[in-house]
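Have a look at the structure below, then the notes.
All of these numbers come straight from a predicted model, not from anything done at the bench. First the proteins, then the strands, lettered A, B, ... as listed; each starts at 1.
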There are 2 protein chains.
Amino acid sequence: MHQPEHLKNAGLKSTVPRLKVLSLFESGQERHMSAEDVYKLLLASGDDVGLATVYRVLTQFEQAGLLVRHYFEGGKSVFELNQGKHHDHIVCLQCGRVEEFYDTAIEARQEKVAADRGFSIRDHALHIYADCTKKQCPHKV
Amino acid sequence: MHQPEHLKNAGLKSTVPRLKVLSLFESGQERHMSAEDVYKLLLASGDDVGLATVYRVLTQFEQAGLLVRHYFEGGKSVFELNQGKHHDHIVCLQCGRVEEFYDTAIEARQEKVAADRGFSIRDHALHIYADCTKKQCPHKV
DNA sequence: ATCGCAAATGAGAACGATTATCATTTGCAT
DNA sequence: ATGCAAATGATAATCGTTCTCATTTGCGAT
């Protein structure tokens with residue numbers, strides 16, 4: 001159990017709701033979750049935290065660098081554990097599943113494009129929306 | 001004046017609010033606008049259309065292919081004239097200005113990445129958030 | 001021209017995601 | 001154990017957007 005240290009290192013005191021949210025992400029059963037997802041999963045497992053707290057904790061974790069926030073189409077933002085290595089996303093339009101990828105060539109070209117125009121990249125988001133052509137696509141999360 | 005034909009071709013009857021919204025985009029003074037932006041600009045120029053109508057018209061124009069909708073960070077969506085040629089965006093974090101770019105290499109790699117994973121791309125969005133290093137950055141829209 | 005009616009509009013209610021408020025509770029240094 | 005700043009939870013408020021519905025309008029048929 002090393003979550004308390006994660007929180008300490010992030011300058012956050014270790015409280016019950018924070019530990020619950022963090023371990024939900026660390027359980028790995030669901031990598032990308034919205035605030036609502038987290039709230040419902042916690043309720044379902046008997047832990048009752050307030051929805052407002054979930055939102056607060058997610059935002060704090062994002063600022064602390066423990067989680068990364070993504071804005072996909074559809075308005076709601078989703079979070080995932082920050083594992084240091086940047087990556088982009090392919091979102092399956094059939095089932096909503098999210099796959100991650102990293103392409104060196106794309107990353108390099110982006111730097112070039114920005115530099116050519118006099119920009120210095122702070123962040124970027126590449127979201128590919130696609131249909132999964134493989135049969136194993138669940139077609140439902 | 002060819003807006004009425006644009007609407008006709010799109011299967012939309014030409015009404016006053018639709019013509020106003022379309023000509024605002026065609027005026028070219030502001031390429032990327034949110035629903036709120038459009039609403040305020042129309043009010044400012046004395047044309048009064050309802051906010052609900054602006055939202056409806058923008059959505060119809062998007063479906064008709066006259067406009068393209070983008071979901072940038074921050075929740076609200078912005079629209080721009082569809083000029084046929086796809087492009088991606090660099091958003092200046094200082095002034096909010098949006099620059100467009102198109103990079104063949106990036107487009108090609110995306111196809112490859114998706115194909116390798118068994119996806120067929122329906123759409124994609126690449127948003128680079130950056131600081132403008134040039135002095136001409138307005139630092140305010 | 002003008003009539004008639006389906007389609008479009010506008011005002012405001014409703015909605016979903018998120019944030020703010022504030023009284024109560026809790027972690028933790030003393 | 002104690003005290004207090006920080007965190008929580010219930011709820012109200014906010015923001016962007018969509019829905020509802022009574023009124024108006026475009027436009028094809030007369």
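Position along DNA chain D of the nearest nucleotide to Ser14(B) versus Val78(B) favours Val78(B) as the more 5'-ward residue. Nearest-nucleotide positions on DNA chain D for Gly75(B) and Leu12(B) put Gly75(B) closer to the 5' end. Of the residues near DNA chain C, Ala52(B) and Pro17(B), the one whose nearest nucleotide (by heavy atom distance) lies more toward the 5' end is Pro17(B).
Put simply, the side chain of Thr53(A) never gets that close to the backbone of Val49(A): no donor and acceptor are under 3.5 Å apart. Looking only at distances, a side-chain donor or acceptor of Ser34(B) sits under 3.5 Å from a matching main-chain atom of Asp37(B). No side-chain donor-acceptor contact under 3.5 Å links Tyr71(A) to the backbone of Val78(A).
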| After noting the C-alpha distance and the side-chain angles of His127(B) and Phe72(B), does the key distance pass the ring pair (Phe, Tyr, Trp, His ring centres under 6.0 Å) rule? | CA-CA 7 Å; His127(B) 301 154; Phe72(B) 294 133; 4.6 Å; yes
| Yes or no on side chain to side chain contact (heavy atoms under 4.5 Å, CB included) for Gln110(B) and Ile128(A), after CA distance, side-chain angles and deciding distance? | CA-CA 8 Å; Gln110(B) 284 185 56; Ile128(A) 295 180; 3.7 Å; yes
| said: The test is side chain to side chain contact (heavy atoms under 4.5 Å, CB included); show your working for His32(B) and Glu100(B) and say whether it passes. | reply: CA-CA 11 Å; His32(B) 299 86; Glu100(B) 303 171 352; 3.2 Å; yes
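Per the geometry, NZ belonging to Lys13(A) stands 13 Å off P belonging to dT26(C), to the nearest Å. Rounded to whole angstrom, the span from the CG atom of Leu51(A) across to the P atom of dA17(C) amounts to 10 Å. One atom, OH of Tyr39(A), and another, P of dT18(C), lie 14 Å apart when rounded to the nearest Å. The distance from atom CZ of Phe79(A) to atom C1' of dT18(C) is 10 Å, rounded to the nearest whole Å. One interatomic measurement links the two molecules: CG of Asp37(A) to C1' of dG16(C), which rounds to 14 Å at whole-angstrom precision. Residue Lys76(A) contributes atom NZ, which lies 17 Å from atom P of dC15(C) at whole-angstrom precision. Between Asp48(B) atom CG and dA11(C) atom C1' the separation is 12 Å, expressed in whole Å. Rounding to whole angstrom units, CZ of residue Arg69(A) and C1' of dA17(C) are separated by 11 Å.
Here salt bridge (Lys or Arg N to Asp or Glu O under 4.0 Å) pairs that include residues 41-59 of chain A, with residues two or more places apart or in two chains, are Lys20(A)-Asp47(A).
Residue Arg56(A) is in base contact, counting any heavy-atom pair closer than 4.0 Å across all strands shown.
Between His89(B) and His87(B), the ring planes lie perpendicular to each other; the angle is over 60°, past the 30° to 60° tilted range. By the 30° and 60° cut-offs, the orientation of the rings of Tyr102(B) relative to His86(B) is perpendicular.
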| said: Let's test your reading of the pairing rules: Watson-Crick or G-U wobble, both distances under 3.5 Å, then write DNA chain C as a dot-bracket string with ( ), [ ], | and dots. | reply: ||||||||||||||||||||||||||||||
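Among dG27(C), dT18(C), dT9(C), the nucleotide with an atom closest to any side-chain atom of Val16(A) is dG27(C).
Mapping heavy-atom proximity under 4.0 Å, the span of DNA chain D touched by chain B runs 5' to 3' from dG16(D) to dC27(D).
Taking side-chain N and O atoms only, Thr15(A) has no distance below 4.0 Å to OP1 or OP2 of dT26(C). Applying the 4.0 Å criterion to OP1 and OP2 of dT18(C), one finds that Tyr55(A) has a side-chain N or O inside that range.
Residues Leu66(A) and Leu7(A) form a side-chain contact, since some pair of their non-hydrogen atoms from C-beta on lies under 4.5 Å apart.
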